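The structure under discussion appears below in the form of structure tokens.
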Amino acid sequence: MNNPCPPHPPSLPCTLAIIVACAIPCLPTPTTAAEAKPRLVVMTDIGGDPDDEQSLVRFLLYTCDFQVEGLCTGFGHGHYKNTRPDLLHKGVDAYGHVLTSLRLHRKDFPSHHDLKALIKDGSNGDAHTVGPGRDSEASEWIIRVLDRDDARPVWFAIWGGPRELAQALWKVQTTRTPEHLAAFKRKIRVHSIADQDRTADWIKKNHPDVFWIFSNGQFRGIWQGADPSLVSPAWLERHVRTGHGPLGSVYPAKASGKTGVKEGDTPSFLYVLANGLSDPEHPDWGNWGGRFERRGAEFIAAKDLRDGVPDVLYPIQRWREAYQNDFAARMDWCVNPVAQANHPPLAVLNHDRTSRVLTIQTDPAAGVKLSAMGSSDPDGHPLRYDWWTYVEAGTYWTEAPIQNAHAPEAVLTVPQNASGRTIHVILEVKDAGQPPLVAYRRAILNVRGTPVSPPPGAPALTAAPAEVDLKTPVHRLQGPPANTGPWQFYRGINVNGPAIEIDGHRWDGDDTPHFVCQNRPLNNPQVALRPPTDPARAQMIHSFRWNHQPSLAVTGVPDGTYAVYAYVWEETQPETFTVRLNGKVVAPQVHSGPAGCWQRLGPWQTRPSDGRLTITASGGAANFSGIEIWQRR
């Protein structure tokens, strides 16, 4: 049932172990729940896009790092016909053929038999519904896994839709007490790739307290952009498909829309990998699987700075060389003896030999000593050291200076104006093997004192977005604050909709004179709005125009001072964009939120000089539903 082997450090054959034993102390065997392997269930829509079969091959090479507790089939976007447990069996059988070789490198790879027993089939009915008569082998298994007498959370790496998890929640909700349901849900951790069926919305609506990471597009960083040679067909043939045994042979040469490595689902389990880089309970810290920030009841993709520009793919792209080299090394384990393969080094941080994140209390202007002494390599390779600050993961807005940043011992100088802030320091220990492998450690510096305001122009990537109430219905909204007026309603425009009355004011339709917008028109009244609102406002919000760089203009505006609101909403997947009014940034880094979330942005005051009010957005797709304009009397 479970992974039968207790967690162990990487092991070596006796002859090599004797050679290195004096120089390299044994890694400690985890003894507490906090140090044990992460519990993990994979939920896959395998049989649709072949990238699930690609991700499965890589995942099987990391089963020694997890307590695997389920391999469940299901459906996802574009794949709603038949589940394909046979493809899971195909991959696991190929793994079985190379298991003897893998165990030369790590004793704790699970057996072929045990992984086969974890394959559970999902429902072949409607992929979008839960309820009576919809139980499946997978949903029943999920209940058993969560019911086990184990206080550790269970991570659900969702490669397709979460229907089987939703069905499990529905059954527990309808058959147990509220107290039992609450305890059941407290163990659930979800990392969902794109929320690929409507049961994701069902869970979020009915169980908003479920821990949910929604990788809304960031997962594409696994293959898009950055260095394409590391995910190319040539790289794939050399390091995976050719000369690496039966497991490499079942890796598809191409996936939907991409030849070579695609693996859009891989970040869901790389995120949970305990490689010293992060703690999965803190999505805003970032690791190989991405970095996320809270939005309402869930976590959505955050942006890291690539050359000073916020980029939603960069939180995954920045690690590509490391995770691809690690993949290539593990593929070598499938066919090579220990002496002819590379193994990751051990990174020691301030004498701590575990993989946990360390916290250090410090003061402004202090010098913090950092040490990697004791770090080692099981293959005896020379080591390279790099210390750097992960700015976006902390709350201090720029890099802190580090002396001897490429030596085993370094000193970070805490900036004087960093009081009350956090600074995340990353240690990378890279060996000189082929391919070179990296071990990580992280220290978080908590700087004492009262927070100092950032200087003008400092990036605001680390500020958590304000909590949004998505439940309380909205029936009437007032105009601009009275102390900035007095104001009178000037005009409202129902973008891509007819004339309508909202909050007692008559709005013009999209075809009204003096309104210019060429963006794509859409209308989707099927999406439930969050928060709920009155019928007229809902009609306005559901009809909209969108573009990746939208532009809406109201012309013929008389001279005067105006307060402008813009209604935006999310129809599908969250986006982040910046809004400008007459060329001036008025709403930086707006998060659209989950499907159905709507916002009235503003009010923004302006004095048009040419009788024109122009609203534009950039950085991500934006859906504009309405413009509301008030004039100062």
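These numbers come from a predicted model, not from an experiment. Side chains included, hydrogens not; waters and symmetry mates left out as well; all remaining heavy atoms used.
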Report the distance from atom [atom1] of [X] to atom [atom2] of [Y], rounding to the nearest 0.5 Å.
| X | Y | atom1 | atom2 | value |
| --- | --- | --- | --- | --- |
| His79 | Asp52 | NE2 | CG | 8.0 Å |
| Phe292 | Ile213 | CZ | CD1 | 5.5 Å |
| Lys258 | Trp223 | NZ | CH2 | 9.0 Å |
| Tyr80 | Arg163 | OH | CZ | 13.0 Å |

Quick one: does [X]'s side chain have a donor or acceptor within less than 3.5 Å of a partner on [Y]'s backbone?
| X | Y | answer |
| --- | --- | --- |
| Asn216 | Ala301 | yes |
| Trp319 | Asn287 | yes |
| Thr175 | Lys171 | yes |
| His105 | Asn336 | yes |
| Arg134 | Glu164 | no |
| Gln218 | Arg291 | yes |
| Gln54 | Gly260 | yes |
| Arg189 | Glu281 | no |
| Arg106 | Cys64 | yes |
| Ser101 | Cys334 | yes |

Could you check whether the rings of Phe327 and Tyr251 sit parallel, tilted or perpendicular, using 30° and 60° as the cut-offs?
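Geometry flag for Tyr251 against Phe327: tilted rings.
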May I ask you to decide if the ring planes of Phe269 and Phe66 are parallel, tilted or perpendicular, using 30° and 60° as cut-offs?
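Judged by the thresholds at 30° and 60°, the geometry between Phe269 and Phe66 is perpendicular.
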Hey, do the aromatic rings of Trp212 and Phe299 have their centres closer than 6.0 Å?
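Ring-ring flag for Trp212/Phe299: false, centres at least 6.0 Å apart.
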Regarding [X] and [Y], do their side chains bring together a donor and an acceptor under 3.5 Å, going by distance alone?
| X | Y | answer |
| --- | --- | --- |
| Gln167 | Ser139 | no |
| His343 | Asp379 | yes |
| His239 | His244 | no |
| Glu571 | Asn524 | yes |
| Trp288 | Tyr440 | yes |
| Ser268 | Asp265 | no |

Among Leu61, Val240, Leu99, Asp93, which residue meets the side-chain contact (heavy atoms from CB on, under 4.5 Å) test with Leu247?
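Result for side-chain contact (heavy atoms from CB on, under 4.5 Å) with Leu247: Leu61.
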State which residue, out of Thr199, Val210, Ile142, fulfils the side-chain contact (heavy atoms from CB on, under 4.5 Å) condition with Pro162.
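Exactly one option meets the side-chain contact (heavy atoms from CB on, under 4.5 Å) with Pro162, and it is Thr199.
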Could you tell me whether [X] atom [atom1] has more than 12 heavy atoms of other residues or ligands within 6.0 Å of it?
| X | atom1 | result |
| --- | --- | --- |
| His77 | NE2 | no |
| His180 | NE2 | no |
| Lys185 | NZ | yes |
| Lys116 | NZ | yes |
| Lys254 | NZ | no |

Determine, stepwise, if the pair Glu69 / Arg148 fulfils salt bridge (Lys or Arg N to Asp or Glu O under 4.0 Å).
CA-CA 11 Å; Glu69 301 212 19; Arg148 284 180 187 145; 2.4 Å; yes
Might you work through the salt bridge (Lys or Arg N to Asp or Glu O under 4.0 Å) test for Asp279 and Arg356, ending with a clear yes or no?
CA-CA 8 Å; Asp279 179 341; Arg356 64 192 180 97; over 6 Å; no
Identify, with sequence neighbours excluded, every residue that meets side chain to side chain contact (heavy atoms under 4.5 Å, CB included) alongside Glu321.
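Partners of Glu321 under the side chain to side chain contact (heavy atoms under 4.5 Å, CB included) test: Leu230, Asn325, Lys430.
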So, using salt bridge (Lys or Arg N to Asp or Glu O under 4.0 Å) as the criterion, who are the partners of Arg241 when residues are at least two apart?
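With neighbours one apart ignored, the set is Glu237.
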Run the numbers on Gln434 and Asn342 for side-chain hydrogen bond (donor to acceptor under 3.5 Å, both in side chains), then give the verdict.
CA-CA 6 Å; Gln434 288 299 320; Asn342 199 17; over 6 Å; no
What do the steps show when you test Arg58 against Asp326 for salt bridge (Lys or Arg N to Asp or Glu O under 4.0 Å), and what is the final call?
CA-CA 10 Å; Arg58 191 188 304 239; Asp326 204 68; over 6 Å; no
Salt bridge (Lys or Arg N to Asp or Glu O under 4.0 Å) for Asp108 and Lys37? Distances and angles first, verdict last.
CA-CA 11 Å; Asp108 51 345; Lys37 296 181 182 183; 2.9 Å; yes
